[in-house]
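Comments concern the structure below.
Every chain is numbered from 1 and lettered A, B, ... according to where its sequence line falls, protein lines coming before strand lines.
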Amino acid sequence: MRNKEVAQKFYELAALSELAGENAFRVRAYQQAAQAIENLPFPIEDLADKEQLTSIKGIGKSIAEKIVQYLHTGRIDKLEELKKKVPESLLEIERVPGLGAKRAKILYEKLGIKTVEELKKAAEEKKIRVLPGFGEKTEQKIIKGLSEMRNKRIERVSIGIALPLAESIVQELKLHSPVEKIEICGSIRRMKPTIGDIDILVVSNKPEAVMDKFASLDVVKSIIVKGKTKTSILTYENLQVDLRVVQKESFGAAVQYFTGSKQHNIKIRELAMKKNLKVNEYGVFDLDTNKRIAGETEESVYEVLGLQWIPPEMREDTGEIEVAKMHKLPRLIELKDIKGDIHMHTVYSDGANTVLEMAQRAKQLGRKYIAISDHAKALGIANGLSIERYKKEKKEIEMVNKKLAPFRIFLSTELNILSDGSLDFPDSELTLFDICLAGIHTGMNQSKEKMTERTIKAMSHRAVRVIVHPTGAVINGRSGYELDIDRVFEAGRRFGTAFEINAAPERLDLNEINARKAKEQYGLKLEIGTDSHSVESLVNMRYGVGVARRAWLTKEDVINALSLKEFEKFIHKKIID
DNA sequence: GCCGTTTTCGGCCCGACTGTTTTCAGTCG
């Protein structure tokens, strides 16, 4: 699958075209094509082979040709031409705050500046202020921007960090400042696995007091700007938090606007235009009368556009607007639909808490059942269990079950899919377990063919019901095993295997694209598990549910949303038949 | 360069802010 790689080329093409001063709409076309390719749920090579690239929205004849050329030859003529016209290193100059394509171009043409080093030198020698469209302030801003770039973080922050931080800020403001309404927006509200910055909206009759409180919170490392309607701060995690005060009658429109995604909002505004309406962060306006016709609530914004209210997690312009037009959006799974958590560890292997402690906390969180799935013996590093130790654990579970009934604990195991696809124990011994999970923990660098084969072989064991963290991807870390996910899903359909959405915020694997594909293209069931190694992580379920919602899943798609009774039926099915 | 329940040509999302101008371009989200 080369989608990411191809998309990258078109982002590059867009950026260089812009620097070369090409038609702005062509630049946008390249960007949109890049985004469309990035979000494809299947390899772009497949469509290229079938000569159906233009069936993708945003890809026409010209871009299709470029894709084909790139896939076959590894190059795009147009891109090479552009590179001759404008140095690639200008892309870095564009990233300096305050500079964009236009100014980078002027700097290059008038002063021959190609690198950030040259830029710094020219700014310090006061050579920039005399250029057309530049001035002393811009020059100062460049110098400041260059020094800030150096200590700026490069990666986005995990939602596991950003969401609790945002919640604590909201909590403080609610308790200690005069807020009437408050809402976390942006990518956090959409439950994206990684977050660039935090956006919070507030309605208040004393905005200054809210701003003052916000700017003096303990989490604030520095204040970026503090104005009447907007204050931006930097936290110690180097995360920017923007707080905006809006009018009550515009709150819904502002929440909609600042929730995004950008692509979703562009589509929304295009749709509005066709209806002779205008959507902005203040409301929806009739273009003839210039009157506001909606905006106090988010629902009203969607309603006047003839749309069903769209859950934030779906707002990525991947078809949600079209479905909302027909009022046929699925009823997405919610945290409260989750009845069990079947992936967690105890002190028996590498966990920090006992069976009883894990069970009590899970029960407190509203789960009706859990499965303890300690590591199996091949994972020595995690104190993996022998069959004898699992038998001991089983006795303990039986005792705790009596104590906590009707809450129910199942004995599970996280088996290792060994390098040849075999498991830690022979099938005859796997009957000890109520349900078996299996995952790859070693030999992650095998070829795509081998990784795919061993995963499928593991799935063929009748006791194995769930493949955990199926692609091995880690957020901001490794990108996942080489794996033919389509073959794995196809086999999953044959064997009745469920696939995990690992809810640990550093994993979130399957991701939304694969989870959605598993459901829509293969009709598979998913499992959402916290993979908890302590009682504290059991609350991570919400991140997994976030991914599930981004994948358009309903509670019917998720096995641990089954009631205790139904779940028991599920786990016995394969072993008995 | 793409696209069409008004269009195969003429459009293509919106507003704030800043700094540079003397009415606006560039950048940003």
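If you check every strand for non-hydrogen atoms under 4.0 Å, A/K66 touches sugar and phosphate atoms only. Backbone-only engagement by A/V279 is indicated by non-hydrogen atom pairs under 4.0 Å involving sugar-phosphate atoms exclusively. Using a 4.0 Å heavy-atom cutoff across all strands shown, A/L271 reaches no nucleic acid atom at all. Within the nucleic acid shown, A/I268 has no heavy atom closer than 4.0 Å to any nucleic acid atom.
Across B/dG1 and B/dT6, the matching P atoms stand 28 Å from one another, rounded to whole Å. B/dC12 sits 25 Å from B/dC17 when the P atoms are compared, rounded to a whole Å. Taking atom P in both B/dT27 and B/dT21, the straight-line distance is 15 Å, to the nearest Å. B/dC14 sits 25 Å from B/dC9 when the P atoms are compared, rounded to a whole Å. Comparing B/dG26 with B/dT20, their P atoms are spaced 14 Å from each other, to the whole Å.
Of all heavy-atom pairs between A/I142 and A/A123, the closest is CG2-CB, 4.4 Å.
The closest side-chain donor-acceptor pair between A/S261 and A/Q263, if any, does not fall under 3.5 angstrom. Side-chain N/O atoms of A/E316 and A/T318 include no donor and acceptor closer than 3.5 Å.
Between the A/D212 side chain and the A/A215 main chain, no donor and acceptor come within less than 3.5 Å of each other.
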For a side-chain contact (heavy atoms from CB on, under 4.5 Å) check, start with the C-alpha distance between A/K78 and A/L82, then their side-chain angles and the critical distance, and finish with the verdict. CA-CA 6 Å; A/K78 170 104 186 180; A/L82 285 167; 4.2 Å; yes
One pair to check against side-chain contact (heavy atoms from CB on, under 4.5 Å): A/Y108 and A/L19. What are the steps and the verdict? CA-CA 10 Å; A/Y108 172 58; A/L19 281 169; over 6 Å; no
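Side-chain proximity of A/K78 to B/dG1, B/dC14, B/dC12: nearest is B/dG1. For A/S62, counting side-chain heavy atoms from C-beta on, the closest listed nucleotide (B/dC2, B/dC14, B/dC12) is B/dC2. Listed nucleotides B/dC12, B/dG4, B/dC14 differ in distance to A/K278; the shortest reach to its side chain belongs to B/dC14. For A/I63, the side-chain atoms get nearest to B/dG1 when compared with the rest of B/dG4, B/dG1, B/dA16.
A salt bridge does not link A/R516 to A/E512: none of the charged side-chain nitrogens sits closer than 4.0 Å to a carboxylate oxygen.
Atom P of nucleotide B/dC3 and atom NZ of A/K57 are separated by 8 Å, given to the nearest angstrom. Between A/L277 atom CG and B/dC14 atom C1' there is a gap of 15 Å when expressed in whole angstrom units. With rounding to whole Å, A/K274 atom NZ is found 8 Å from B/dG4 atom C1'. If you measure from atom CD of A/Q31 to atom P of B/dC2, you get 14 Å, rounded to the nearest angstrom. Counting to the nearest Å, the C1' atom of B/dC2 and the CG atom of A/L53 are 15 Å from each other. Distance, A/H264 NE2 to B/dC14 P: 15 Å, rounded to whole Å. Taking atom NZ of A/K267 as the reference point, atom P of B/dC2 lies 16 Å away to the nearest angstrom. Separating the CE atom of A/M273 from the C1' atom of B/dT5 is a distance of 16 Å, rounded to the nearest angstrom.
The residue among A/R26 and A/N265 whose nearest nucleotide of DNA chain B is located toward the 5' end is A/R26. Residues A/A29 and A/E270 both approach DNA chain B. Their nearest nucleotides, taken by heavy-atom distance, put A/A29 toward the 5′ side.
The side chain to side chain contact (heavy atoms under 4.5 Å, CB included) test applied to A/L287 returns A/N276, A/K278, not counting sequence neighbours.
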Output one letter per nucleotide in nucleotides 18-29 of chain B: B when a protein non-hydrogen atom lies under 4.0 Å from the base, S when only the sugar-phosphate is that close, - when neither is. -SS-----SSSB
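Across all strands shown, B/dC28 pairs with B/dG15; the Watson-Crick or G-U wobble distances both stay below 3.5 Å.
Note that A/R103 lies in the cation-pi zone of A/F134, set by a 6.0 Å cut-off to the ring centre and a 45° limit from the axis.
In this entry the base of B/dT6 is anti relative to its sugar, with a glycosidic angle more than 90° from 0.
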